[in-house]
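Positions are given from 1, in the same order as the sequence printed here.
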Amino acid sequence: MRIDSGIKLGFKDVMIRPKRSTLRSRSLVSLERSFSFMHSNLEWSGVPIMAANMDTVGTFEMAKELSKYKLFTAIHKHYSPREWQNFLHNSDEDIFNFIAISTGTTTRDEEKMDIILKENRNIKFICIDVANGYSEFFVEFVKRTREKNPDKVIFAGNVVTGEMVEELLLAGADVIKVGIGPGSVCTTRIKTGVGYPQLSAVIECADAAHGLGGQIVADGGCKSPGDVAKAFGGGADFVMLGGMLAGHDECGGELFEKDGRMYKQFYGMSSEKAMKEYSGGVAEYRASEGKTVNVPYRGKVKNTILDILGGVRSTCTYVGASKLKELTKRTTFILVNEQHNEVFPDEE
């Protein structure tokens, strides 16, 4: 046993200090970034905000809408090969630049991914997603996926420490998903006691990844556009959102009424509900590490996206960053004890 006494920070612990700026308007800020990747020859340009690969968020409908704004969607892993074909036959060719096929590490997951990739060779991105990215088996799965798909961009995670970021990059991943426990419907920290404050995880993992020529995705913990900006300020190349995109028309799940209000259900992919849906229930040797919540219905996702993009643009104007790429270099975090005046509740 040992204790790491260094300060570790979440998004709630800091604010970004403003700096002198020559920007006259938010409209002068470009949020698009261009990346080349460590292992594949692919180059990508777009706004590096991603919908999470959850079946209530990472849907085909969400992908179509987000792609209009050059945002990315990690499609959840529970679509069948036939559903993938139907979606791609009815989509614009540009959709391939803004979607990833997601997979777990079971034999069944791997076989289905192989079938979908064989039938749809234009898919460029793979997202290998497990709750615990620290196992040797996961590293071997990443290696095997790279060997079979040398031309694809591979996202892999989740981890929260620099040494594991480096190991996964060297195993064949291009972009590492960072975050254990910060998600709005994740209970890993409660059930297991394991986790890492998300901002510190992003800062440390970004440093490790960039040293090798890789990238990271900050996955989880964002509750507001300001948190998205803090993730980018901390060095994240991509930011993945789940709860912030939940409750919209483009999300999975039925719309239902309760006590005179409309809701959509949102749940973690390690929740009891998800495991009942896809695995026949919670196995006796494990515990559920997610919860199920009812999210007030929010209509079309367009307005939420515009709010997020507008907030990040505004952050850039406060620190003088004309491009999103410049935000990290222009960011100075200050430690705080409070974030904002809470005399009135937030608007619903």
State whether the side chain of Asp237 and the backbone N or O of Ile216 hold a donor-acceptor pair below 3.5 Å, judged by distance alone.
yes
Carboxylate-amine/guanidinium proximity below 4.0 Å for Asp174 and Arg146:
yes
For the residue pair Asp307 and Thr304, confirm or rule out a side-chain donor-acceptor distance under 3.5 Å.
no
Salt bridge between Glu254 and Lys264, side-chain N to carboxylate O under 4.0 Å?
no
Is Glu250 reaching over with its side chain to a backbone N or O of Val301, donor-acceptor style, under 3.5 angstrom?
yes
So for atom CG, which belongs to Asn41, do other residues, nucleotides or ligands contribute more than 12 heavy atoms lying within a distance under 6.0 Å?
no
Is there a donor in the side chain of Tyr263 and an acceptor in the side chain of Glu257, or the other way round, less than 3.5 Å apart?
no
Is atom CD1 of Ile7 surrounded by more than 12 heavy atoms (other residues, nucleotides or ligands) closer than 6.0 Å?
no
Determine, step by step, whether Lys177 and Asp129 satisfy the salt bridge (charged side-chain N to carboxylate O under 4.0 Å, His left out) criterion, reporting the C-alpha distance in whole Å, the side-chain angles of both residues, the deciding distance to 0.1 Å, and the verdict.
CA-CA 8 Å; Lys177 288 172 79 243; Asp129 180 69; 2.6 Å; yes
Val336 to Lys12 - nearest heavy-atom pair and separation:
CG2-O, 4.0 Å
Going by distance alone, is a donor N or O of one side chain under 3.5 Å from an acceptor N or O of the other, for Thr161 and Tyr134?
yes
For the side chain of Ser200 and the backbone of Pro197, is there at least one donor-acceptor N/O pair under 3.5 Å apart?
no
What's the spacing between Ser102 OG and His78 NE2 if we round to 0.5 Å?
9.5 Å
Are Trp84 and Phe60 near enough that their ring centres are under 6.0 Å apart?
yes
Decide yes or no for Ile334 and Val14: does some side-chain heavy atom of the first lie under 4.5 Å from some side-chain heavy atom of the second?
no
Note: Glu338 and Met15 closest approach over all heavy atoms is O-CE, 4.0 Å
May I ask you to check whether Lys19 and Tyr318 show a side-chain donor-acceptor distance below 3.5 Å?
no
Value for NE2 (His248) from OG1 (Thr56), rounded to nearest 0.5 Å, stands at 12.5 Å
Taking NZ, NE, NH1 and NH2 as the nitrogens, is one of them in Arg144 or Glu110 under 4.0 Å from a carboxylate oxygen of the other?
yes
Got a sec: does the CG of Asp259 have more than 12 other heavy atoms crowding it under 6.0 Å?
no
Ring centroid separation Phe125 to Phe72 under 6.0 Å:
yes
Less than 4.0 angstrom from a charged side-chain N to a carboxylate O is my criterion; do Asp114 and Lys148 meet it?
yes
Atom pair CZ (Phe37) and CD1 (Ile154), whose distance is rounded to the nearest 0.5 Å
12.0 Å
Establish whether Val228 and Leu71 are linked, either directly or via other cluster members, by ILVMFWY side-chain heavy-atom contacts under 4.5 Å.
yes
Using atom types as modelled and distance alone, determine if a side-chain donor or acceptor of His39 lies under 3.5 Å from a backbone N or O of Lys152.
no
Can you check whether Phe155 and Phe238 have ring centres sitting under 6.0 Å from each other?
yes
Atom NZ in Lys329, atom CG in Leu327: separation rounded to 0.5 Å?
12.0 Å
Judged by modelled atom types alone, do Arg26 and Thr317 share a side-chain donor-acceptor pair under 3.5 Å?
no
Rounded distance [0.5 Å steps], CG in Leu324 versus CG in Leu309:
10.0 Å
No-hydrogen, no-angle side-chain donor-acceptor test under 3.5 Å, Ser30 and Glu32
no
Hydrogens and angles aside, do Asp249 and Tyr297 bring a side-chain donor and acceptor to less than 3.5 Å of each other?
yes
Hey, what do you get for CZ (Arg82) to CD1 (Ile115), rounding to the nearest 0.5 Å?
12.5 Å
Thinking salt bridges, do Lys143 and Glu140 make one under a 4.0 Å N-O criterion?
yes
Donor-acceptor contact present, side-chain Ser80 to main-chain Glu83, <3.5 Å:
yes
